[in-house]
Amino acid sequence: MLDIRNLSKRFGRGESAVTALHEVSFSIKEGEFFTLLGPSGCGKTTLLRMIAGFEPPSGGALVLDGQDIAHTPPNRRPVNTVFQNYALFPHMTVAENVGFALGALGKRQAEIDETVGRMLDLVQLGHLAHRKSGELSGGQQQRVALARALAPKPRILLLDEPLSALDMKLRKEMQVELKRLQRETGLTFIFVTHDQEEALTMSDRIAVMSGGRFQQIAEPRDLYDQPANRFVAGFIGETNFLDGRCEGGQLILPEAEAPVPAAHDDGPVTVMVRPERVVLGAAQPGALVLQAKVEQLVYFGTDTHVHMALANGNTLVARVQNADQSDAACREGETIPVSLPGGALRLLPQEAA
Amino acid sequence: MTDKRFDVRRLPAAATLAITCFVILYIPMVILVANSFNSGKVIGDWDGVSLRWYAAALQNDAFISAGITSLILASCAALVATTTATMAALATTRTRGFKGEGTIHLVLNEPLMVPEIVLAIALVIILAQVRQFTGYNGLGYLIIAHSAFCIPFAYMPIRARLEGMDLTLETAAADLYAGRFYTFRKVTLPLLAPGILAGFALAFVVSLDDVVISDFLKAPGQDTLPTYLMGQLRRNLTSEIYAISSLLLLISVLIVVGAWLLTRKKT
């Protein structure tokens with residue numbers, strides 16, 4: 001439904017010009033929960049603001065339902081935004097805030113009242129309809145902002161880090177709530193966040209951005225298991241990187257006792273392995289086996305992180321489920337064998353860290 | 001003493017100086033208001049409490065007509081000044097920076113810096129020509145002149161309010177299908193209202209109180225409250241002048257306090 005073609009954004013002119021977004025292209029499907037994920041300054045908010053119409057693109061096209069809206073003003077786009085600071089109108093009641101768009105569209109009062117009632121029920125705030133927005137808690141303001149943006153039935157709902165101002169517990173609740181709302185309304189959501197956990201739990205697809213470019217667009221599981229490059233691997237979840245090389249279908253790691261088969265072109269590679277896939281102790285067939293010295297055990301309740309040093313000074317972290325193994329599995333200071341199962345290894349092109 | 005930062009309140013003379021200033025400022029006003037209730041005819045000769053001079057003032061046609069002139073003048077001037085100031089404030093905060101914006105800012109605030117007497121003399125010379133040419137001798141000249149020097153007073157609180165306003169609110173309105181005018185009417189203007197009200201009150205009080213420009217520009221026989229009071233001072237002083245001054249003080253205080261209360265409630 002939304003096709004973005006070679007969209008770019010430059011700020012400033014001449015030598016002082018900064019490119020916030022290099023030419024990006026992607027498509028979003030009807031009813032999708034699509035997330036733009038990246039560190040601050042990666043261009044995700046700029047991209048969202050261009051979709052909303054607050055920022056004119058420097059080049060490219062924004063095609064919504066077959067129409068290029070790249071230069072349509074925001075009030076003529078069937079797209080609504082939930083702002084990071086909510087931007088509720090402080091002089092209006094909750095109901096007036098939610099009904100604002102319908103009023104601007106010239107709808108009849110009866111229709112506005114009906115829709116406002118339905119929207120407030122949807123976010124479970126019907127009892128607060130006549131409060132001023134300033135009298136609400138952060139979580140309530142968040143719901144009002146959502147209801148306000150949903151009321152005019154946009155084709156796409158844009159959410160600009162909407163949960164970042166909430167505390168941890170409320171944020172988790174709102175994550176579930178947002179996902180529920182999206183399923184119930186069947187609306188297309190474009191969600192901007194710098195929180196990878198938030199992105200993984202809520203999204204159908206995630207676009208990881210860095211330096212004004214897309215690093216990878218994939219479903220959460222693929223993003224986690226098969227990151228396209230070192231940036232994505234490092235940004236999504238925790239991970240271990242080890243440098244090695246491929247020769248004649250074999251992966252050779254200087255730290256390992258024997259090579260394992262690998263379907264990869266010859267040359268230097270970076271081996272990525274998630275901490276929860278590292279197996280302590282017994283050597284397994286088809287696994288890279290390393291000798292590691294246990295330096296520190298960090299207890300996290302559900303699991304324990306085992307920080308280890310390899311012979312050449314590199315470090316390796318393993319995550320051990322506390323339900324599976326007793327904490328006597330290893331001790332600090334001990335040198336133990338560690339297995340990296342072949343299936344857990346992901347080979348990435350080598351690049352500067 | 002752990003905190004060695006400079007604190008003006010710790011200077012030995014600070015408290016004394018502050019109290020002296022407040023005494024000089026407010027004691028004469030207290031004396032003035034007190035004397036307005038003196039039933040004696042001669043100033044300084046206390047003869048008991050009465051409202052007789054207020055009654056006399058309210059039956060004094062010259063005072064009533066000067067008072068009405070002042071109220072009309074202040075209302076018109078404050079209205080023109082506030083409207084102009086609101087537009088100027090919107091133009092200097094809600095648009096992309098434009099060439100000459102700094103100059104406009106300076107020109108807007110010029111009346112605060114130019115000595116009033118200079119402005120008065122300049123206006124007298126020009127308006128004398130206009131009077132001769134048009135033959136018009138009404139309140140219009142005073143309204144124009146007062147509007148002009150009231151603009152910066154109205155402009156300051158309005159601009160301050162605009163600068164403190166969250167710009168995302170207007171972006172949000174645009175996102176919610178509001179056109180420019182709808183956004184202005186439903187979002188910008190209601191949020192700006194306390195600033196406009198404060199600007200209006202300030203302009204009103206400044207106009208109500210003006211002597212120099214009014215005295216230079218008024219037509220013969222025309223009087224505003226301050227110029228009427230000045231004229232009375234040159235003649236026989238009775239306690240009536242205290243009563244009139246007290247009334248003027250009351251109006252000013254009511255307007256400023258009223259505007260302050262309304263502004264405070266909205267924020």
Side-chain angles (χ1 to χ4, degrees), chain A residues 45 48-55 72-93 96-107 112 115-116 119 132-134 141 144-162, chain B residues 82 85-87 89-91 93-99 101 157-201 258-267:
Chain A
T45 296
L48 194 81
R49 288 177 62 81
M50 286 198 287
I51 299 173
F54 308 145
E55 210 76 73
T72 308
N75 55 329
R76 301 225 186 88
R77 295 186 189 201
V79 165
N80 293 131
T81 308
V82 176
F83 292 85
Q84 187 168 14
N85 66 350
Y86 316 139
L88 298 179
F89 304 121
H91 57 297
M92 296 183 193
T93 63
E96 285 166 342
N97 263 287
V98 176
F100 184 88
L102 300 171
L105 288 168
K107 302 281 186 211
I112 296 177
T115 309
V116 167
M119 285 303 138
K132 281 272 166 67
S133 58
Q141 290 190 24
V144 176
L146 257 170
R148 183 178 73 174
L150 288 171
K153 287 203 188 115
R155 290 287 288 138
I156 303 177
L157 187 73
L158 308 175
L159 302 107
D160 185 9
E161 307 220 16
Chain B
T82 312
T86 304
M87 292 193 287
L90 284 168
T93 54
R94 280 300 182 275
T95 54
R96 251 173 239 267
F98 53 88
K99 212 177 159 190
E101 198 184 321
I158 296 173
R159 189 182 156 108
R161 181 89 192 167
L162 264 178
E163 278 177 339
M165 205 186 286
D166 181 6
L167 269 176
T168 352
L169 294 177
E170 285 164 31
T171 310
D175 185 60
L176 296 163
Y177 309 107
R180 279 172 174 234
F181 184 65
Y182 195 83
T183 303
F184 180 72
R185 202 158 53 87
K186 293 283 187 176
V187 178
T188 315
L189 198 58
L191 289 172
L192 193 54
I196 294 178
L197 213 71
F200 184 89
W260 180 74
L261 283 177
L262 281 167
T263 314
R264 198 188 51 155
K265 222 168 101 184
K266 291 250 177 169
T267 39

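To find a chain, count down the sequence lines: A is the first, B the second, and so on, and within it residues start at 1. Note that the structure is a prediction, hence the values are computed from the model and not measured.
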Tell me, out of A:Arg76, A:Arg148, A:Gln84, who's got the most heavy-atom pairs with chain B below 4.5 Å.
-> A:Arg148
Given a strict heavy-atom distance threshold of 4.5 Å, which part of A:Leu158 is in contact with chain B: side chain, backbone, both, or neither?
-> neither
Residues B:Leu169 and A:Ala87: closest non-hydrogen pair is CD2-O, 3.5 Å
Locate the shortest heavy-atom distance separating A:Met92 from B:Lys186; write the atom from each residue and the value.
-> CE-O, 3.4 Å
Close side-chain approach of B:Asp166 to A:Phe83, heavy-atom, < 4.5 Å = no
Engaged part of A:Phe54 at the chain B interface, taking heavy atoms whose separation is under 4.5 Å | side chain
So which heavy atom on A:Ala101 is nearest to which on B:Tyr177, and how close?
-> CB-CD1, 3.8 Å
Side chain, backbone, both or neither: which part of B:Asp175 has a heavy atom under 4.5 Å from chain A?
-> both
Under 4.5 Å, counting heavy-atom pairs only, tell me which of A:Gly53, A:Gly134, A:Gly103, A:Ala149 racks up the most with chain B.
-> A:Gly103
Gap between atom CG of B:Leu176 and atom CG of A:Leu105 - 0.5 Å precision = 9.0 Å
Counting heavy atoms not belonging to B:Arg185, are there more than 12 under 6.0 Å from its CZ?
-> yes
Least distance between heavy atoms, B:Leu191 atom then A:Pro90 atom = CD2-CG, 3.6 Å
